[in-house]
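The figures that follow rest on heavy atoms only: side chains count, while hydrogens, waters and symmetry mates do not. Bear in mind the structure is a predicted one, so any value in this text is a computation, not a measurement.
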Amino acid sequence: MLNIRPIEAFSDNYIWLITADEHRQAFVVDPGDATVVEQALAAEELDLVGILITHHHFDHVGGLAELKAAHQPLVYGPDNPAIEGIDRRVTAGDRVDVLGQSFSVMEVPGHTLDHIAYFAGGDTPLLFCGDTLFAGGCGRLFEGTAPMMHRSLQSLMELPASTRVYCAHEYTLANLAFAQAVEPDNEALARRMAEARAARDRGEATVPSTLALERATNPFVRCDSAELQAALQAQQRLEDASPAAVFATVRAWKDNF
């Protein structure tokens, strides 16, 4: 069984540290900062043997060259020549072994065109989704289009509801504040906001979440929800009820929220 914990980086990034009980090897996901990774490895006397990359943004790859030089890990990442240091470029349907756990690769463009996610099924499904799906939100459309991101999110929502979602940023309170502007009467969302505030007050991360929780509270994956559409209609923001159009409306609103 894998053990996963966040390494905090920059102002709000999470670099995910993956270990297994039976040995002292480790993987990390999206190491934007080598220094904090090295500190975590040293504190737990771990040997870095692998790295998973989701996309090319600097806060996800900035520490890659230094870590690779120091530890020679096997690096998996998207088929983007702009990312230097990847040993195995993976695409949709490829499989990656992480300390004995098999992950499948999903292509989820939208935030960037090269964005991929890593999913492991089984009794405790796991998803490393980078900046595609956030707790209560989704990534900005820096390179892709709204229809593209909507399709990517829908593909993630087809995974098991119990899937634990390991995103790459602590954006939850801001995301949930926006979600409440969209759906002010969503009781599940109100409960989630209270729990997230309490967690942050304790100095705890608000992630991972689950896909079930996202489906109940995240406006970007609720675009087919009658309740969300009614809330948009009441605010005179619903021009087209097709889920893709609803997504575009909500994403544009969030960009200027």
Side-chain angles (χ1 to χ4, degrees), residues 2 4-10 13-20 23-42 46-121 126-134 138-144 148-149 151-152 155-156 159 165-169:
L2 299 181
I4 305 168
R5 74 167 182 84
I7 301 171
E8 296 184 11
F10 309 120
N13 278 72
Y14 288 134
I15 300 167
W16 294 105
L17 176 66
I18 310 171
T19 60
H23 46 66
R24 304 306 300 167
Q25 295 179 328
F27 269 64
V28 291
V29 183
D30 286 346
D33 182 353
T35 300
V36 293
V37 173
E38 292 286 14
Q39 291 170 347
L41 295 173
L46 296 170
D47 179 21
L48 182 66
V49 298
I51 295 175
L52 304 181
I53 300 294
T54 64
H55 64 292
H56 67 270
H57 284 166
F58 180 77
D59 61 324
H60 294 253
V61 302
L64 181 54
E66 185 175 339
L67 291 171
K68 189 166 184 180
H71 301 277
Q72 294 79 51
L74 187 59
V75 182
Y76 300 87
D79 188 12
N80 181 350
I83 308 175
E84 297 183 3
I86 293 180
D87 299 302
R88 296 189 183 175
R89 299 189 182 277
V90 292
T91 58
D94 288 342
R95 302 200 73 85
V96 175
D97 181 271
V98 178
L99 305 177
Q101 176 76 60
S102 179
F103 282 75
S104 62
V105 176
M106 303 177 67
E107 293 181 358
V108 285
H111 178 67
T112 64
L113 296 179
D114 66 344
H115 208 303
I116 60 176
Y118 301 86
F119 170 73
L126 309 171
L127 176 67
F128 294 106
C129 54
D131 289 357
T132 296
L133 175 64
F134 291 132
C138 76
R140 284 182 176 267
L141 305 180
F142 287 116
E143 297 175 7
M148 185 183 292
M149 178 65 105
R151 288 193 297 270
S152 293
S155 71
L156 295 181
L159 300 174
V165 179
Y166 293 87
C167 65
H169 289 273

Inset, instruction - Taking all non-hydrogen atoms of both residues into account, name the closest pair between Glu107 and Ala92 and its distance. - result: OE2-N, 3.1 Å
Inset, instruction - Applying ring-ring contact (aromatic ring centres under 6.0 Å, His included), name anything that partners Tyr166, two or more places apart in sequence or on another chain. - result: Trp16, Phe128
Inset, instruction - Determine, step by step, whether Arg88 and Asp94 satisfy the salt bridge (charged side-chain N to carboxylate O under 4.0 Å, His left out) criterion, reporting the C-alpha distance in whole Å, the side-chain angles of both residues, the deciding distance to 0.1 Å, and the verdict. - result: CA-CA 10 Å; Arg88 296 189 183 175; Asp94 288 342; over 6 Å; no
Inset, instruction - Using only heavy-atom distances, determine whether the side chains of His55 and Asp114 contain a donor-acceptor pair under 3.5 Å. - result: no
Inset, instruction - Indicate yes or no: at least one non-hydrogen side-chain atom of Phe142 is less than 4.5 angstrom from one of His57. - result: yes
Inset, instruction - Applying side chain to side chain contact (heavy atoms under 4.5 Å, CB included), run through Leu2 and Phe103 and close with a yes or a no. - result: CA-CA 12 Å; Leu2 299 181; Phe103 282 75; 3.9 Å; yes
Inset, instruction - Please tell me if the side chains of Leu46 and Leu17 come closer than 4.5 Å, counting only heavy atoms from C-beta onward. - result: yes
Inset, instruction - Check the side chains of His115 and His56 for a donor-acceptor pair under 3.5 angstrom, ignoring hydrogens and angles. - result: no
Inset, instruction - Apply side chain to side chain contact (heavy atoms under 4.5 Å, CB included) to Leu159 and Phe119, showing your working. - result: CA-CA 9 Å; Leu159 300 174; Phe119 170 73; 3.7 Å; yes
Inset, instruction - Please check if the distance between the ring centroids of Tyr14 and His169 is under 6.0 Å. - result: no
Without placing hydrogens or testing angles, list every side-chain donor-acceptor pair under 3.5 Å for residues 25-36, not counting sequence neighbours.
residue, atom, partner, partner atom, Å
Asp30, OD1, Thr54, N, 2.8
Asp30, OD1, Thr54, OG1, 3.4
Asp30, OD2, Thr54, OG1, 2.7
Asp30, OD2, His60, ND1, 2.8
Asp33, OD1, Thr35, N, 2.9

Inset, instruction - For the pair Glu143 (side chain) and Leu113 (backbone), establish whether a donor and an acceptor sit closer than 3.5 Å, ignoring hydrogens and angles. - result: yes
Inset, instruction - To the nearest 0.5 Å, tell me how far Asp79 CG sits from Ile86 CD1. - result: 8.5 Å
Inset, instruction - State the CG-NE2 distance between Leu41 and His71, to the nearest 0.5 angstrom. - result: 5.5 Å
Legend entry - Ile116 side chain reached by Val90 side chain, heavy atoms, under 4.5 Å: yes
Inset, instruction - Give the minimum heavy-atom separation between Pro73 and Gly50, together with the two atoms involved. - result: CB-N, 3.6 Å
Legend entry - His111 side-chain N/O to Arg140 backbone N/O, donor-acceptor pair under 3.5 Å: yes
Inset, instruction - Check whether any side-chain heavy atom of Val96 sits under 4.5 Å from a side-chain heavy atom of Ser102, and report yes or no. - result: no
Legend entry - Heavy-atom pair of closest approach, residues Thr132 and Leu156: CG2-CD1, 4.0 Å
Legend entry - Nearest-0.5 Å distance, CG of residue Leu133 to SG of residue Cys167: 7.0 Å
Legend entry - Minimum heavy-atom distance between Leu64 and Glu84, given as atom pair plus value: CD2-O, 3.4 Å
Inset, instruction - Could you please spell out the steps behind the side chain to side chain contact (heavy atoms under 4.5 Å, CB included) verdict for Ile53 and Val75? - result: CA-CA 8 Å; Ile53 300 294; Val75 182; 4.2 Å; yes
Legend entry - Under 3.5 Å donor-acceptor, Asn13 side chain and Phe10 backbone: no
Legend entry - Within-4.5 Å side-chain heavy-atom neighbours: Leu67 and Ile51: yes
Legend entry - Taking every non-hydrogen atom, the tightest pair across Ala40 and Arg5: CB-NH2, 3.6 Å
Inset, instruction - Determine the minimum heavy-atom distance between Glu38 and Ala70, stating which atoms define it. - result: OE2-CB, 3.7 Å
Legend entry - Within 6.0 angstrom of Gln72 CD, more than 12 heavy atoms from elsewhere: yes
Inset, instruction - Indicate yes or no: at least one non-hydrogen side-chain atom of Val108 is less than 4.5 angstrom from one of Ser155. - result: yes
